[in-house]
> 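Okay, here's the structure, questions in a sec.
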Amino acid sequence: MKLRSSIVGILALALIATTGCGGAEEPTKVSAGGSTLEKTKINIGTIPVVDTAPLQIAMEKGLFKAEGLDVTLTTLAGGAEAIPKLKSGALDISFGNYVSFFSADAKGVIDLKIVSDGFQSAPKTHTIMVAKDSPIQTMADLKGKIIAVNTKRNIASMLVRAAAKANNFDLDEDKNFVEFPFPEMEGVLKTGKADAAQVVEPFGTFIGQNIGARVIWDTSQGPTADFPVAGFAATSEFVKASPNTVAAFQRAMAKAMALAADRANVVAIIPKYTTIKADAAASLAIGGFPTTLNATRLQRVADTMHEYGLLDETLNVQDLIAAPSSK
C-alpha cells in the first residue's frame with residue numbers, strides 16, 4: 001500500500017475507520033462546472049498510504065468544496081474492504097488497487113466503473129528485498145525460493161512473477177509465495193520466514209534503514225515499468241444515477257493530481273494523514289499521479305492479469321471507464 005514505531009503506527013491508523021456521513025441530503029448545489037449535483041455529500045474510501053496523497057491534497061486545498069461537494073473520508077484497512085462497502089452503498093467512491101477492482105468486476109462480484117486514476121509505480125516504490133546477509137544477490141537467484149507478499153493472486157505476486165519471467169524463470173502462486181502484512185515484512189526477512197519479500201513504500205525505506213535489507217529487484221522496470229497500481233472506483237449504478245457528482249469529483253481529483261506532480265506538495269501532506277514523520281517523508285520514493293484517466297494505460301493491468309492467470313478471460317478496460325466530463 002502496506003523505525004519500527006512508524007510501521008506499527010501506520011498499521012494502527014489503517015485499522016481506524018471514520019464515521020460515514022449521515023442525515024438528510026443538503027440542498028442541491030451547482031458545481032464549479034456549472035452542473036446541478038445529484039448528490040452533494042459523498043463518502044470516499046481511502047487508505048493512509050503515500051498513494052492517496054492527491055486525495056488528501058484535494059481535501060486540504062478545498063478542491064472538493066469548490067465543486068460543491070461535501071466529502072467524508074472513510075479509512076479502510078485495505079483495498080479489499082472497498083468492494084463490499086461500495087456494493088452496500090456505505091461508500092460512494094473508493095480508492096483501491098486495479099487488480100482487485102478488475103478481478104471483482106470480471107467475476108461478477110460487483111459492477112464497477114473507474115472514475116479517476118490514482119497512482120502508478122516509479123523506481124523504488126515497489127521492490128523485492130532480501131536480508132542483509134542473504135546469499136541471494138540477483139532476481140535469478142530467487143528461482144525455487146519463497147517470497148513473502150501481502151496478498152497472493154494480486155498485484156504483489158503478479159509483479160514478482162513478471163520479474164521472474166523477465167529473468168527467464170517462472171514462479172508458482174502456491175509453491176513460491178507466502179502471505180504476510182507489509183508491517184511484518186521486516187521480521188519475515190530478519191527471521192528467515194521467507195527468502196525475499198515484495199515491499200512498497202514506506203516499508204522498503206524503513207526496512208532498509210532498520211536491518212540493512214537489500215533491494216535485489218525494482219519491479220518498476222521492464223514489462224511493469226510505470227505500472228498503473230491503483231485508482232478510484234464507484235459502482236455503475238452510482239455513476240449512472242449521479243453523473244454530475246462524479247464529474248465534479250473527477251475535476252477536483254485532476255487538479256489534485258496536478259498539484260501532486262510537485263514532490264514538495266506530496267512530502268508536505270504525508271505527515272498530516274499518516275504517522276510518517278516529516279524527515280522520513282522527505283526520504284521516501286514516491287510514484288506517479290496521472291492527471292488523466294486513460295484506458296490504454298490501464299489495459300496493461302488487465303492484460304498482465306490475464307497473462308498470469310488472474311483473469312480467466314481478457315477484459316476490455318474501456319468498458320469500465322467512466323469518461324471524465326468535458327466541462
Side-chain angles (χ1 to χ4, degrees), residues 1 46-47 49-55 57-58 79 82-83 93-106 110-127 154-163 165-166 198 200-201 218-234 236 239 246-247 249-263 266 285-311 313-326:
M1 128 198 269
T46 186
I47 304 173
V49 291
V50 174
D51 312 22
T52 57
L55 180 64
I57 290 173
I83 303 299
I93 297 171
S94 185
F95 177 82
N97 80 74
Y98 288 125
V99 173
S100 293
F101 283 154
F102 292 170
S103 178
D105 186 90
I110 189 172
D111 187 1
L112 286 177
K113 292 292 184 183
I114 306 300
V115 297
S116 173
D117 208 332
F119 181 80
Q120 71 178 30
S121 69
K124 298 182 181 180
T125 61
H126 295 67
T127 61
N154 210 295
I155 188 166
S157 59
M158 187 177 78
L159 289 174
V160 178
R161 290 175 66 190
K165 187 173 183 179
Q198 191 276 332
V200 299
E201 286 290 67
D218 188 328
T219 63
S220 189
Q221 60 179 301
T224 53
D226 302 320
F227 201 70
V229 174
F232 293 85
S236 293
V239 172
V246 170
F249 171 81
Q250 291 174 322
R251 287 191 294 271
M253 283 304 299
K255 294 172 184 175
M257 293 288 196
L259 290 173
D262 184 342
R263 178 185 170 89
V266 178
I286 296 174
F289 304 101
T291 57
T292 58
L293 191 55
N294 185 290
T296 301
R297 288 184 60 258
L298 302 191
Q299 189 65 47
R300 291 179 62 198
V301 181
D303 292 346
T304 305
M305 290 175 67
H306 184 250
E307 179 180 358
Y308 291 98
L310 300 183
L311 285 177
E313 299 179 357
T314 56
L315 178 69
N316 184 4
V317 173
Q318 183 65 60
D319 295 338
L320 274 68
I321 298 293
S325 169
S326 59

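Being a predicted model, the structure only gives us computed values, none of them experimental. Quick note: numbers below take in every heavy atom, side chains included, and nothing from hydrogens, waters or symmetry partners.
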> Grab the two heavy atoms, one from Ser121 and one from Val229, that are nearest each other, plus how far apart they are.
N-CG2, 3.7 Å

> Determine, stepwise, if the pair Arg297 / Asp226 fulfils salt bridge (charged side-chain N to carboxylate O under 4.0 Å, His left out).
CA-CA 10 Å; Arg297 288 184 60 258; Asp226 302 320; over 6 Å; no

> Can you list the steps and then say if Ser116 with Met257 is a side chain to side chain contact (heavy atoms under 4.5 Å, CB included)?
CA-CA 10 Å; Ser116 173; Met257 293 288 196; 4.2 Å; yes

> Could you walk me through whether Val239 and Val115 pass the side chain to side chain contact (heavy atoms under 4.5 Å, CB included) test, one step at a time?
CA-CA 8 Å; Val239 172; Val115 297; 4.0 Å; yes

> Please report the closest heavy-atom contact between Met158 and Val99, naming both atoms and the distance.
CE-CG2, 3.9 Å

> Work out which heavy atom in Pro228 is nearest to a heavy atom in Leu298; give both atom names and the distance.
CB-CD2, 3.7 Å

> About how many Å separate CG of Leu310 and CG of Leu315, when rounded to the nearest 0.5 Å?
12.5 Å

> Looking just at side-chain N and O atoms, do Thr292 and Asp117 make a donor-acceptor pair shorter than 3.5 Å?
no

> Step through it carefully: locate the ring centre of Phe249, locate the ring centre of Phe232, and say whether they are under 6.0 Å apart.
yes

> Please report the closest heavy-atom contact between Ser103 and Met305, naming both atoms and the distance.
N-CE, 3.9 Å

> Run Asp303 and Thr314 through side chain to side chain contact (heavy atoms under 4.5 Å, CB included) and show every step you take.
CA-CA 7 Å; Asp303 292 346; Thr314 56; 5.5 Å; no

> Go through the steps for Gln120 and Phe289 under the test side chain to side chain contact (heavy atoms under 4.5 Å, CB included), then give the verdict.
CA-CA 6 Å; Gln120 71 178 30; Phe289 304 101; over 6 Å; no

> Taking all heavy atoms of Gln250 and all of Ala323, pick out the closest pair and write down the distance.
OE1-O, 3.8 Å

> Could you tell me whether the side chain of Asp105 and the main chain of Leu112 form a donor-acceptor pair under 3.5 Å?
yes

> At their closest point, which heavy atom of Ala82 faces which heavy atom of Phe95, and how far apart are they?
CB-O, 4.0 Å

> Output all residues satisfying ring pair (Phe, Tyr, Trp, His ring centres under 6.0 Å) with Phe102, sequence neighbours left out; order by chain, then residue number.
Tyr98

> Mark yes when over 12 heavy atoms from residues, nucleotides or ligands other than Lys124 sit less than 6.0 Å from its NZ; otherwise mark no.
no

